Amino acid sequence: MIGRFAPSPTGPLHAGSLVAALASWLDVRAHGGPQARWLVRIEDADTERCQSGMGQVILQQLAACGLLPDEAPVWQTRRTALYETALSQLQQAGLAYPCGCSRKDIDEALARLGLVHTRHGERVYPGTCRDGLHGKKARAWRFAATKFQGAGGPLAWADRRLGPQQQDVAREVGDFVLKRADGPWAYQLAVVVDDAQQGITDVVRGEDLADNTARQVLLQRALGLATPRYLHTPLVLGADGSKLSKQNGAKAIDTGSRGAAQAELTAAARVLGLSGDDRAAWVAQWRSLYPDAC
Ligand code: GLU
């Protein structure tokens, strides 16, 4: 069994990200034997949003909480050759195409089709460049999700906490971006390649990411990769009821002393429905809450 915590270094760990870190660590300790490993991957592929030095800050915060990876952490920006290989595999299979659309082009195409449809503020791509760039310059490479999904209908997957899930990627998301022409690799491609290359068997992460899973499963199938098990953890909400995030200014966890770090961990354990303040007890409780890993 191999689990992982994969933070984006866009800010320090906050109470919400610590929940995901603790949960993935507990899952490996609860279900893995002596060979099991818990890995940390710094997801800095999406370079525009990342802050320099923040990966190290996160690793120090994890260490202060006693969450030590079983192998040296990996950094996505040092792994771009892997993403290049995956993109060319998709290109060769006719499952990736260049797209020249700006946001404005996409909005106009959606309006023409009578589909003023956005999903969480993201535009559902109407497929404009599927048959060619129409004289435009390529801005991105997209995954031909619609073609790959074909007549298969919605993609079904099971979450270890949330139960059966499904999403019609072609209709609800459209052909999504794999890489921007000006550089950054999209999260979807990088995460799928890394999870497979690192042999991850169990992905445990925040519930806000659950909606990405169907896209990731489609990409795994297109690339001939195994699909790990997924478990999405409860989110920590701010005082206004919205999800805590770096974007809305969630404050860094306090690791200034052992006692402070322990209090942060205990708070994270409560979000996961665990009682007491002892890790061995949390591991045992986790095993009975989520028995079905390896
Ligand atoms: N890097 C992503 C984030 O920090 C998480 C990716 C994942 O766990 O799949 O939101």
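As the structure lists them, so they are numbered: ligands from 1, and atoms in each ligand from 1. What you are looking at is a predicted structure, and each value in this text was computed from that prediction instead of being measured.
- With Tyr125 as the aromatic partner, Arg142 meets the cation-pi criteria of under 6.0 angstrom to the ring centre and within 45 degrees of the ring axis.
- Here is the list of ligand 1 atoms found below 4.0 Å of a heavy atom in Arg4: 7 (C), 8 (O), 9 (O).
- Close approach of ligand 1 to Tyr187 is summarised as follows: ligand atoms under 4.0 Å from at least one heavy atom of the residue are 6 (C), 7 (C), 9 (O).
- Taking any N or O of Val191, backbone or side chain, none lies under 3.5 Å from an N or O belonging to ligand 1.
- Of all the heavy atoms in Pro234 and Arg161, the pair that sits closest is N-NH2, 3.4 Å.
- Judged by distance alone, the side chain of Gln89 and the main-chain N or O of Thr85 form no donor-acceptor pair under 3.5 Å.
- Listed for the Arg270 side chain is a donor-acceptor partner under 3.5 Å among the backbone atoms of Gly276.
- When the options Ser24, Pro9, Ser8, Gly16 are ranked by their closest heavy atom to atom 4 (O) of ligand 1, first place goes to Ser8.
- When heavy-atom distances to ligand 1 are checked against a 4.0 Å cut-off, Val203 has no atom that comes that close, whether in backbone or side chain.
- Applying the 6.0 Å contact sphere to CZ of Arg180 captures no more than 12 heavy atoms from other residues, nucleotides or ligands.
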